[in-house]
Amino acid sequence: MPTKVEKDSVSGRLTTGHEWDGLKELNTPLPKWWLYVFLACVVFAAGQMLLYPSVPFFTGYFPGLLGYSQRVEVDRAVQAVAQQRAETVNRIGALSFEQIRADPPLLNAALSIGRITFAENCQPCHGTEGTGRPGYPALGDDVWIWGGSLAAIQQTITHGVRSEDKDTRTSAMPAFGALGSLKPAEMEAVADYVQGLFGLPPGKNAAEGQKLFVDNCASCHGDKGQGNQELGGPPLASRVHLYGGDRAAILAQINQPKHGVMPAWNARLSAPIIKSLTLYVHSLGGGQ
Amino acid sequence: MFGIKQETFEKNTLALLVGTLVVVAIGGIIEVVPVFTIETTVEHVRGVRPYSPLELRGRDIYVREGCYLCHSQQIRALRDEVERYGHYSIAAESMYDHPFQWGSKRIGPDLARVGGKYSNDWQYGHLMAPRELVPQSLMPNYAFLAETPLEYDDIALRMRANRAVGVPYTDEQIAAAKDDLIAQADANEDNANLLKRYPKAVTVSGHARQVTELDALVAYLQVLGTMVNFADTNTERLAQ
């Protein structure tokens, strides 16, 4: 039960005045420095509450005396940096590819923009510096499905391949096996011929396969398997292949072809950025 | 103070009870009141819709697998984030998330606007074997999701549960839940009704004979951040 505050004879401190069954409690206050820091924090917090958006009301919130908004701040920051870059970016947007390439400092800037944009957006599919992955074309070689000129690359990046964009590039190889337009033996024969184009030893029915190839495949892949960039028919007379270079891959693709999708980037990236990206991709080694 | 001594409370259980209640209530009110003002903090933007049935199940799997432990879904209003990921996230975009998946860890990249950034094929391939596509990735393989059939017999109940906490699913949407789910998981199905009910829903297909958990997860990822068209809004309008 509470008693009166008294001085403890052992420690020399005051008690709190509480006593339970003969036990008394020493009064050990918080250190002064701690107390003052705490009070200063309280004052600081009150100041922050006044200056910055803090208390919610039922019809809004107290915006603070400074009228600060992180969203306004970020708009300002993005605009400021856009202004810094405006001169370069506008020039990239306005000039033709030839003009940009004739201006080394501008070309360097465009390649830097392209490299960074590539790393964030394109690398997950096309690999570091466009090395490619099965199903995702390598960009550093000179084998192109839709063309390796600057204009062709720009078109592909802007509108994508089999994307949602209305100007998308698109092609579809028929499922020759799954739809039954080629019998299994005929598919084998075509594969006999195509593996020759791939650089493997041709199979025994390659001659028959070539006839079938000319009838069924040449309209998109070219009569010698050189490909057709207008139609997006990949070159087959090549060592670089999207879905693998062995016989099993050839047969799988004839039977039930896979078709990759590349998103259209015009929704996410502005035209000058796409132009820079085009220059970067073109510079990876295979640009035509 | 006010002539009330500590002794009064210590000696009187009723006073102690009432006093405790008053003190706890003050803290409680400060914590609870802002929740009732939440309507005033959600921006009025067009386009945000409840998740389609398949996306909703994909979201369940996202939560179950703990994706939020490495991926945030909140682009903060900071310049570098806006430049990398796109428009900063707004409250309206997660108003139908129960619970939201903002997260605070970025062991992997932010996913708030990953929808449509990569092709469906990439999402399937990457979830099954991330290092096949991104050699330096440290994300686990989720190949088992492609072999796990999706349970969706209870999809209508799940939608009702969401409706109970404020997601405006209509009776029509709940009645058509299974059809919509199947339509979204099969590229050969007619998805006109699905798109009418859930604009911008992305049809996915892992080419399995049945709907898998991976189908659901990809459908969910492909819609993230795509609902609001930020071209027809700005900071001033968002602040209203």
Side-chain angles (χ1 to χ4, degrees), chain A residues 1-3 16-18 20 53-61 63 67 69-82 85 116-117 119-128 131-136 160-165 256 258-265 267-269 273, chain B residues 5-8 10-11 30 33-41 43 75-88 90 109 113-126 130-137 200 202 207 222 225-226 229-231 234-236 238-240:
Chain A
M1 287 298 109
T3 53
T16 57
H18 301 167
W20 292 272
S54 49
V55 184
F57 309 139
F58 283 88
T59 56
Y61 62 92
S69 159
Q70 180 64 31
R71 290 178 174 185
V72 172
E73 286 301 304
V74 73
D75 278 0
R76 206 174 286 156
V78 168
Q79 269 161 24
V81 77
R85 297 172 187 158
I116 291 161
T117 313
E120 166 59 21
N121 297 286
C122 317
Q123 201 161 295
C125 291
H126 291 289
T128 313
T131 45
R133 298 263 139 198
Y136 305 95
V161 179
R162 302 182 193 95
S163 73
E164 304 280 311
D165 191 279
Q256 180 71 276
K258 291 181 200 161
H259 292 109
V261 172
M262 169 165 160
W265 289 93
R268 278 178 191 264
L269 306 175
I273 301 296
Chain B
K5 289 182 181 160
Q6 175 149 346
E7 193 180 333
T8 321
E10 285 188 2
K11 284 185 170 171
I30 288 172
V33 162
V35 178
F36 290 107
T37 69
I38 205 153
E39 287 298 321
T40 66
T41 61
E43 307 84 355
I75 302 164
R76 291 171 286 195
L78 299 168
R79 195 195 83 204
D80 53 336
E81 301 225 345
V82 170
E83 291 217 309
R84 178 172 177 188
Y85 296 117
H87 197 285
Y88 54 79
I90 59 175
R113 302 216 182 282
V114 81
K117 191 168 185 180
Y118 310 116
S119 64
N120 286 353
D121 282 350
W122 187 88
Q123 291 290 3
Y124 278 99
H126 179 259
R131 271 158 301 282
E132 289 288 306
L133 291 162
V134 184
Q136 67 273 34
S137 172
K200 298 190 183 175
V202 175
H207 307 292
Q222 289 290 47
T226 63
N229 181 6
F230 284 98
N234 59 39
T235 299
E236 263 165 53
L238 290 178
Q240 55 178 246

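The chains referred to below are lettered A, B, ... by the order of the sequence lines, with proteins before strands, and numbering in each begins at 1.
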Notebook entry, point to check: Who passes side-chain hydrogen bond (donor to acceptor under 3.5 Å, both in side chains) against B:Tyr124, sequence neighbours left out?
Noted result: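 Listed in chain order: B:Asp215.
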Check: Based on non-hydrogen pairs under 4.5 Å, which of B:Val33, B:Val134, B:Leu133 is most in contact with chain A?
Finding: B:Leu133
Next item on the list: Between chain A and each of B:Ser137, B:Ser119, B:Gly125, B:Ala77, count heavy-atom pairs under 4.5 Å; write down the option with the most.
Entry: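 Option with the top pair count is B:Ala77.
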Check: Can you say whether A:Val55 sits under 4.5 Å from chain B via the side chain, the backbone, both, or neither, judging by heavy atoms?
Finding: neither
Segment of [X] engaging chain A (4.5 angstrom heavy-atom cut-off):
| X | value |
| --- | --- |
| B:Tyr118 | both |
| B:Val202 | neither |
| B:Glu81 | neither |

Margin query: Run the side-chain contact (heavy atoms from CB on, under 4.5 Å) test against A:Gln79 and tell me which residues pass, sequence neighbours left out.
Written below: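 With sequence neighbours excluded, A:Gln79 shows a side-chain contact (heavy atoms from CB on, under 4.5 Å) to no residue whatsoever.
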Checklist line | Distance-minimising heavy-atom pair for B:Arg113 and B:Gly225 | finding: NH1-O, 3.2 Å
Next item on the list: Measure from the side-chain N and O atoms of B:Gln222 to the backbone N and O of B:Gly116, and report whether any donor-acceptor pair falls under 3.5 Å.
Entry: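 Between the backbone of B:Gly116 and the side chain of B:Gln222 there is a qualifying donor-acceptor contact (under 3.5 Å).
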Check: Does a side-chain heavy-atom distance below 4.5 Å link A:Thr117 with A:Leu269?
Finding: yes
